[in-house]
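Taking it in order: structure first as structure tokens, then the write-up.
Below, chain A is the first sequence line, B the second, and so on; all start at residue 1.
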Number of protein chains: 2
Amino acid sequence: MPRKPAPDTRERILDAAADLFDRRGVHAVGMQQIIDELGCGKQLLYREFSSKDQLVVAYLERSARAWEQTVVAVCAVVDKPEDQLVELVRTVQGMAPNTRGCPLRNTHAEFPDPDHPAHQVSLRHFQDVREQLRELARQTPAADPDKLGDRIMLIIDGLYVSGSTLGPTGAAATAVGLARDVVRAEIAAAAV
Amino acid sequence: MPRKPAPDTRERILDAAADLFDRRGVHAVGMQQIIDELGCGKQLLYREFSSKDQLVVAYLERSARAWEQTVVAVCAVVDKPEDQLVELVRTVQGMAPNTRGCPLRNTHAEFPDPDHPAHQVSLRHFQDVREQLRELARQTPAADPDKLGDRIMLIIDGLYVSGSTLGPTGAAATAVGLARDVVRAEIAAAAV
DNA sequence: GTCTATACTTTGATAGAC
DNA sequence: GTCTATCAAAGTATAGAC
């Protein structure tokens with residue numbers, strides 16, 4: 001084992017934790033497993049995250065940030081807002097099949113207690129995403145932007161679920177086409 | 001009080017278990033809680049279900065049966081297959097907001113291990129539903145029935161997720177309208 | 001002093017015995 | 001129906017390596 005400067009301890013812990021949480025679920029992963037995976041001591045983990053709940057919250061916030069970055073990346077590559085919406089769906093379609101679904105959705109399902117911080121953080125994320133998609137839709141010439149944003153969100157939610165269970169050839173395969181149709185229809189309705 | 005005839009023991013146990021599982025999640029509910037809810041002895045429960053896993057499987061199979069009955073009920077009330085698809089979405093929209101989402105989806109998220117019986121039962125259900133929706137779509141004059149069935153499934157999945165998190169005024173509010181548009185578009189495409 | 005590794009305490013669950 | 005064996009996991013504390 002090399003020396004331990006460990007300035008990026010937090011990130012390394014989150015890397016290991018996220019990998020395990022994503023694959024096996026939060027409840028199924030014990031703190032000891034994360035420690036074993038890291039090859040570090042218990043002290044270090046509990047120094048950074050004083051409880052499992054806090055670790056889970058950090059994991060969720062990080063997953064939420066990853067989504068933000070996805071949106072930023074898509075918007076940087078694609079010009080028109082209407083194409084950005086479709087491209088977002090395509091991006092999710094590319095990711096979902098290899099995973100167990102959206103980390104935030106899965107963790108939300110694992111923590112039904114409304115008082116639990118993990119529940120609150122994920123719920124907040126869903127509200128943010130909805131507003132974000134509506135905002136994006138408002139930049140298109142859609143007749144009803146809020147409706148369009150909500151429909152894209154519905155498609156993304158369904159895509160995550162279908163894609164992670166039935167795989168890329170399941171119902172998820174139709175998501176991008178559906179998104180395109182939805183965007184087109186809403187813009188056509190405005191042109192009348 | 002009459003002696004123990006208990007022909008419906010299984011159902012009574014499942015009633016109590018389903019109620020708790022639906023509201024708090026499977027992992028969060030202990031066998032003792034179910035027993036307390038029933039007011040019965042532990043023996044009785046373990047006589048019917050020799051382990052928690054078996055109880056969970058029975059709970060899932062029962063939830064799957066409930067879905068089948070929903071489909072049957074909708075098909076009995078509504079005539080045309082194209083209307084049946086839309087009505088199914090409307091039915092889910094009516095149920096989802098008061099619940100924590102689809103019991104099968106939630107439990108699936110709680111048991112990521114592919115070897116776990118709960119995982120397998122729920123996965124099987126998703127495959128069945130997909131085939132069922134495609135079959136229904138084949139009875140419509142849709143241009144591409146399989147695509148139509150898949151899109152309805154995607155909408156239902158998204159609806160369950162959105163409806164149970166953001167509530168009936170969230171993105172879920174657009175689901176029925178979207179389903180109607182999708183059905184119409186697919187039938188219009190066939191008329192060309 | 002900082003990090004690893006391990007032992008220990010407490011809690012809560014399944015499951016079976018009486 | 002209560003009582004108990006067993007086990008796993010969250011945290012805490014401590015002993016020891018660099």
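A:Q32 and A:D36 share a side-chain donor-acceptor pair at under 3.5 Å. Side-chain contact, B:D22 with B:Y59: a donor N or O sits under 3.5 Å from an acceptor N or O. A donor-acceptor pair shorter than 3.5 Å cannot be found between the side chains of B:S162 and A:R130.
Taking atom NZ of residue B:K52 and atom C1' of nucleotide C:dA13, one finds them 8 Å apart after rounding to whole Å. Distance B:M31 CE to D:dG1 C1': 16 Å, rounded to the nearest Å. Remark: C1' of D:dA9 and NE2 of B:H27 are 13 Å apart, rounded to the nearest angstrom. Put simply, CD on B:Q54 is 13 Å from C1' on C:dA15, counting in whole angstrom units. What separates CZ of B:R24 from C1' of C:dA13 is a distance of 15 Å, to the nearest Å. Between A:L20 atom CG and D:dA9 atom P there is a gap of 13 Å when expressed in whole angstrom units. What separates CG of A:L45 from C1' of C:dT2 is a distance of 16 Å, to the nearest Å.
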Going by atom type alone, with no hydrogens or angles, which donor-acceptor pairs under 3.5 Å involve a side-chain atom of residues 83-90 of chain A and a protein atom two or more places apart or on another chain?
unit_1, atom_1, unit_2, atom_2, d
A:Q84, NE2, A:V78, O, 2.9
A:Q84, NE2, A:D79, O, 3.1
A:E87, OE1, A:R90, NE, 3.1

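A single hydrophobic cluster is not seen to contain both B:V161 and A:Y160; linkage of ILVMFWY side chains at heavy-atom distances under 4.5 Å, directly or through other members, places them apart.
Within residues 32-42 of chain B, the residues having any heavy atom under 4.0 Å from DNA chain D are, by residue number, B:G41, B:K42.
Within the structure, ring pair (Phe, Tyr, Trp, His ring centres under 6.0 Å) pairs that include any residue of residues 90-115 of chain A comprise A:H27-A:F111, A:H108-A:H119, A:H108-A:F126, A:F111-A:H116 (at least two apart or interchain).
Comparing atom distances between the A:Y46 side chain and each of C:dG16, C:dT4, D:dG11 picks out D:dG11 as nearest. Nearest nucleotide to the A:L44 side chain, out of C:dT4, C:dT14, D:dG11: C:dT4.
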